[in-house]
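As a basis for the values below, the full set of heavy atoms in this structure was taken, side chains included, without hydrogen atoms, waters or symmetry mates. A note on names: the letters A, B, ... follow the listed sequences, proteins ahead of strands, and every chain is numbered from 1.
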Protein chains: 2
Amino acid sequence: MSPNNQTVFKALADPTRRAIIKTLRKESKTAGAIADEFPITRASLSHHFNILKSADLVRTERRGQHIVYSLNVTVLDDVAAILYDLFSSTDKVSDRS
Amino acid sequence: MSPNNQTVFKALADPTRRAIIKTLRKESKTAGAIADEFPITRASLSHHFNILKSADLVRTERRGQHIVYSLNVTVLDDVAAILYDLFSSTDKVSDRS
DNA sequence: ATGATATTTAGACAAATATCTAAATAATTG
DNA sequence: CAATTATTTAGATATTTGTCTAAATATCAT
């Protein structure tokens, strides 16, 4: 169910996707509202949305003709744990991902 | 001086580089010792070392003909802060990186 | 100095990725 | 239903990236 580390890190590695995350910090927004803030096409943004969804960093909900994107803040905990594990020198079993 | 967010996230986005970080968690190692653990060429690894160094995730020290790689754990704090800022809904000024 | 060992750099190449335009799908409104 | 609006998907393309081989640089040992 939960996305693997590679998916999450790759998702975070693009500046446009991090900016999308930032714009969703305060409130959920429709795809169009997000698109108005970025200088790239809606098709390109849709591509980024897919990657963010794969990483479970955002969730979607259809509201009429709009699709509302929300930040999934619980993933922050996951990423923090991954990073902790990555840098930790303890001997616990790891999935090496 | 400190590397920007993009550099760090890009560095962490590759599984080989994360594995290099993992192998350096317990102790510093020479380039050759690290290379013995990976199925890719030393040239390819050197490329990854450069990226990790650019992100300040590892530090190097020459010891005779060897070059010893060490994990720079202080960056963990930086990355944690970046992530916190990325997901936080507070209003503080951000560099948008 | 010469040869051996350790590591990096240069250049080439295939795969992955971010972007675009055009077309398709989905929901609303007249 | 037809037109409009919102969003995604498909396919193409240029750039980036991870890897390789071959050559260069650096240090050590004889």
Side-chain angles (χ1 to χ4, degrees), chain A residues 3-24 27-71 86 96-97, chain B residues 3-24 27-72 96-97:
Chain A
N4 64 30
N5 294 356
Q6 180 59 16
T7 306
V8 176
F9 279 114
K10 277 286 179 91
L12 291 172
D14 181 83
T16 297
R17 289 193 289 270
R18 289 201 304 282
I20 292 169
I21 289 174
K22 282 207 171 189
T23 199
L24 289 177
E27 54 186 2
S28 302
K29 293 180 181 175
T30 67
I34 296 169
D36 290 341
E37 304 177 22
F38 289 84
I40 64 180
T41 65
R42 278 143 207 263
S44 295
L45 277 170
S46 196
H47 161 74
H48 288 304
F49 293 155
N50 280 332
I51 291 171
L52 290 169
K53 277 195 287 188
S54 302
D56 200 28
L57 287 161
V58 301
R59 301 275 173 80
T60 61
E61 173 205 354
R62 178 173 279 280
R63 195 173 316 191
Q65 16 183 3
H66 300 269
I67 296 197
V68 179
Y69 281 85
S70 315
L71 198 56
L86 194 55
R96 194 170 307 279
S97 64
Chain B
N4 64 27
N5 294 355
Q6 180 58 15
T7 307
V8 175
F9 279 114
K10 276 287 179 92
L12 291 172
D14 181 82
T16 297
R17 289 194 288 271
R18 289 200 304 281
I20 292 170
I21 289 174
K22 282 206 170 188
T23 198
L24 290 176
E27 54 186 3
S28 301
K29 294 180 181 176
T30 67
I34 297 170
D36 290 340
E37 304 176 23
F38 289 85
I40 64 179
T41 66
R42 279 143 206 262
S44 296
L45 277 171
S46 196
H47 161 73
H48 289 304
F49 294 154
N50 280 332
I51 291 170
L52 289 169
K53 276 195 289 189
S54 303
D56 200 29
L57 287 161
V58 301
R59 300 275 174 80
T60 62
E61 174 204 354
R62 177 173 281 279
R63 196 171 316 189
Q65 13 182 4
H66 300 269
I67 295 195
V68 179
Y69 281 86
S70 314
L71 198 56
N72 176 21
R96 195 171 305 280
S97 62

Are any side-chain N or O atoms of [X] and backbone N or O atoms of [Y], one a donor and one an acceptor, separated by less than 3.5 Å?
X       : Y       : result
B/Gln6  : A/Ala13 : yes
B/Asn72 : B/Arg59 : no
B/Lys29 : B/Thr23 : yes

Checklist entry - Do any of residues 64-72 of chain B sit with a heavy atom less than 4.0 Å from DNA chain C, and if so which? => result B/Gln65, B/His66, B/Ile67, B/Tyr69
Checklist outcome for this item: To the nearest 0.5 Å, atom CG of B/Leu52 lies from atom NE2 of B/His47 at 9.5 Å
Next on the checklist: What's the separation between atom CD1 in A/Ile21 and atom OH in A/Tyr69, rounded to the nearest 0.5 Å?
Outcome noted: 13.5 Å
[X] [atom1] - [N] [atom2] separation (whole Å):
X       : N      : atom1 : atom2 : value
B/Phe49 : D/dT19 : CZ    : C1'   : 15 Å
B/Phe38 : D/dG18 : CZ    : P     : 14 Å
A/Arg62 : D/dT5  : CZ    : P     : 17 Å
B/Ile20 : D/dG18 : CD1   : P     : 11 Å
B/Glu61 : C/dT7  : CD    : P     : 13 Å

Checklist entry - Which salt bridge (charged side-chain N to carboxylate O under 4.0 Å, His left out) pairs, counting each pair once, include a residue from residues 5-16 of chain B, with sequence neighbours left out? => result none
Next on the checklist: Do A/Arg17 and A/Leu57 make a side-chain contact, defined as non-hydrogen atoms from C-beta onward lying under 4.5 Å apart?
Outcome noted: no
Quick test: give all pairs of protein nitrogen or oxygen and nucleotides 9-19 of chain C nitrogen or oxygen below 3.5 Å, distance rounded to 0.1 Å.
| from | atom 1 | to | atom 2 | distance (Å) |
| --- | --- | --- | --- | --- |
| C/dT9 | OP2 | B/Asn50 | ND2 | 3.2 |
| C/dT17 | OP1 | A/Lys10 | NZ | 2.9 |
| C/dA18 | OP1 | A/Arg17 | NH2 | 3.3 |
| C/dA18 | OP2 | A/Arg17 | NH1 | 3.3 |
| C/dT19 | OP2 | A/His48 | NE2 | 2.3 |

Checklist entry - A/Val68 and A/Ser28: which non-hydrogen atoms are nearest, and at how many Å? => result CG1-CB, 3.7 Å
